[in-house]
Structures are given as structure tokens and as C-alpha cells.
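Scope of the values below: all heavy atoms of this structure, side chains included, with no hydrogens, waters or symmetry mates.
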Amino acid sequence: MITKENIIESAKKTLLSESQSIAKLTDFIDNSFVEAVEIIYNTKGRLIVTGIGKSAIIAQKIVATMNSTGTPSMFLHASEAIHGDLGMVQDGDVVICISKSGNSPEIKVLVPLLKRFGNKLIGITGNITSFLGKESDITLNTYVESEACPNNLAPTNSTTAQLVMGDAMAVALMEMRNFKAEDFAKYHPGGALGKKLLLRVQDMLDTSRKPFVSPDSSIKNVIVEISEKRLGVAAVIENDKVVGIITDGDIRRMLNKTETITGLTAKDIMTVNPKTIKTSDMVVDALNILEDFSITQLVVVDNNEYKGVIHLHDILKEGIV
């Protein structure tokens, strides 16, 4: 009888089995790994990653990771390679071939063709004495004792090991290239990740809405300004400098404490030394300030010049988080 406890136990068993297989890979990281990474780093061509079956899917993920971290890469399906796609392999390219057994029929056909072209071949296999293991210029061992599959058949631990070996190579290459967040952003301009890395305050600042009042403005004028600009705030400007800020929350708190607003001015209720940010700062930095101080607006100032207001809601609309 299948129970919730059985399902939970099965999941934990799988996770532990795969994590143990990954941990054992550290025993296989040696000079061959160093040589493989150095060859990829120094190539004038591209990295071609190929495989068959589940290994082909892992190859596609490794290609995606490499491309996004500064190593130009292409995926080559092993079976399609021998039917015309081998033409994508050019002089100077480095080829990674992935296979658990290293003896798949497609691999046995493809490897001699690749060697005939003179390209450096890196084999990632769980069987270093296999055809692929012996024919590769460099062999990286991804041996696992067994699969997490209860029948020891479905690729689970073995494909995870291949994936992790690819990640290890990608990270090593990133460190060799001193690959920074700014570089990463070049390859991820879209989505939340790209916006976090690329979007600056100036890119989303609406300069047509710059709510401001003078220190001597009446409370009525303050309320009108806040309402018209619809940002829930007005900067208090004196001698072209921001000397304070008034939020709609400040207005509400004032009305709770005061019977009449007659005679009150902006300087009587403003908050001095408001939090500010520059137009050149990253929007994600603005978001961090807003969250740290539990506020919803930031005054934007460049060299003491008031530029406008950036609102939490506008940042959220951009999909930064």
C-alpha cells in the first residue's frame, strides 16, 4: 500500500543517493580536469558538446550554461551528426562527448570522425575503459556505483554526475576569465535577472512627475501636489536643494493630531534628511533601500539637484522581484 510516508521516504532516498554520487566525483578531479579546462579556455574556436539519449539533454544544458558564462558553445546531437550536422564542427573547435557507457553505437561511429577532423576530444563517461574513454584526448570520469532508480536502469545518478561535471568546468572557466556580474548581464538582458543586473534608476524615472513644494507652502498646496503627481509624496525644495520630504502618511498623521491646518506649512510636518538615490544607481539597489527602511518612495538626487521620485510600485511593475 502506497502512503505519504512511502513517497517521502522514496524522495529522500533518491536525493541522498544522487548527492552521494556527486560527492564521490571529487575523487575524479585531477590533472585531466585541469587540462580539459585549459584547452577550452585557450581555444580560438567554439566548444561543441554532443551526446545521445539522456546524455544529449545534459549536453544541451551544459551548452546553455557555457554560453551564458562566456564560453561560445553549440550542441551537436550524436545521431544527427552522422547525417549532416557534423558540418557545424570547424577547425579549432573543442568537442565534449558525453556518454554513460561510452560504448553507444552512435558514439562509436561519431568519435573516429571527430578525430579525423583533428579536433580535441574531451570524453565525459562513467566507463573510462570504454571506447569513448580510450579514444578521447582527455577523459573525465563520471562513474557512479548505481542509479537512484529502484531497477538501476533509468539514468538518474549518472546524468546528475554528468551535469555537475559540466557545471564544475563552467565555473572554473568563469573564474579563469574573471567573469563578473556585469559580464553575466550582457548575456541575460531580459527577464527579472537581466533587469536586476542592468536597469538603472534613470531608465525608469518619470521626469514629468516631480512633486515638490517649498518649505512655506500651505498644507492645502502640499495635499494638492501629492494628489496631482500621484506618487504619494512631495519633496520639499529650498534654494534648489531637497531639504525634506512629505508623504501621504505624514498628512494622515498630522490630521490625526491637529484640529486645524490653518497656519501650518510644509516645513512643520516634513521629514528632514530623506533617503535618496542617484540616477546612475541600479534599480535593485533602490529596492534594497526601500526594503531596508520599510518605505515606498526614494527621492532621486544628482549633485544636489532634484530629479524626481522612484516608487516601490513602479519597481515591482518592472518585475525586478
Exercise. Side chains of Met88 and Leu76: closer than 4.5 Å at any heavy-atom pair?
Worked result: yes
Exercise. Which pairs, with at least one residue in residues 162-178 and sequence neighbours excluded, count as a salt bridge (charged side-chain N to carboxylate O under 4.0 Å, His left out)?
Worked result: Lys61-Asp167
Exercise. How about Asn42: does its CG atom have over 12 heavy atoms from other parts shown lying under 6.0 Å from it?
Worked result: yes
Exercise. Salt-bridged, Lys229 to Glu225, with N to O below 4.0 Å?
Worked result: yes
Problem set entry | Criterion side chain to side chain donor-acceptor pair (under 3.5 Å) on Thr265 and Asp268, from CA distance to verdict | CA-CA 5 Å; Thr265 60; Asp268 297 320; 3.2 Å; yes
For this session: Kindly confirm or rule out a cation-pi arrangement of Lys241 over Tyr306, judged by NZ or CZ under 6.0 Å from the six-membered ring centre and within 45° of its axis?
Result: no
Seminar exercise, completed: Tested for side-chain contact (heavy atoms from CB on, under 4.5 Å) against Met270, the lone hit among Asp250, Thr247, Ile245, Val243 is Val243
For this session: Can you sort out the partners of Thr260 under side chain to side chain donor-acceptor pair (under 3.5 Å), two or more places apart, ordered by chain and number?
Result: Thr262
Exercise. Going by heavy atoms in the side chains, are Lys100 and Asn127 under 4.5 Å from each other?
Worked result: no
Seminar exercise, completed: Residues at least two apart in sequence or cross-chain that pass side chain to side chain donor-acceptor pair (under 3.5 Å) with Ser158, listed by chain then number, are Glu147
Exercise. Considering residues at least two apart in sequence or located in another chain, which fulfil the ring pair (Phe, Tyr, Trp, His ring centres under 6.0 Å) criterion with His313?
Worked result: His311
Problem set entry | side chain to side chain contact (heavy atoms under 4.5 Å, CB included) evaluation trace for Asn141 with Thr125 | CA-CA 6 Å; Asn141 193 351; Thr125 179; over 6 Å; no
For this session: Count the heavy atoms belonging to other residues, nucleotides or ligands that lie under 6.0 Å from NZ of Lys278, then report whether that count exceeds 12.
Result: no
Throw together a table of side-chain donor-acceptor distances under 3.5 angstrom for residues 108-124, partners on residues two or more places apart or in other chains.
residue, atom, partner, partner atom, Å
Lys115, NZ, Glu135, O, 2.9
Asn119, ND2, Gln90, O, 2.9
Asn119, ND2, Asp93, O, 2.9

For this session: May I have all residue pairs that pass salt bridge (charged side-chain N to carboxylate O under 4.0 Å, His left out) and include part of residues 23-36, sequence neighbours excluded?
Result: Lys24-Glu145
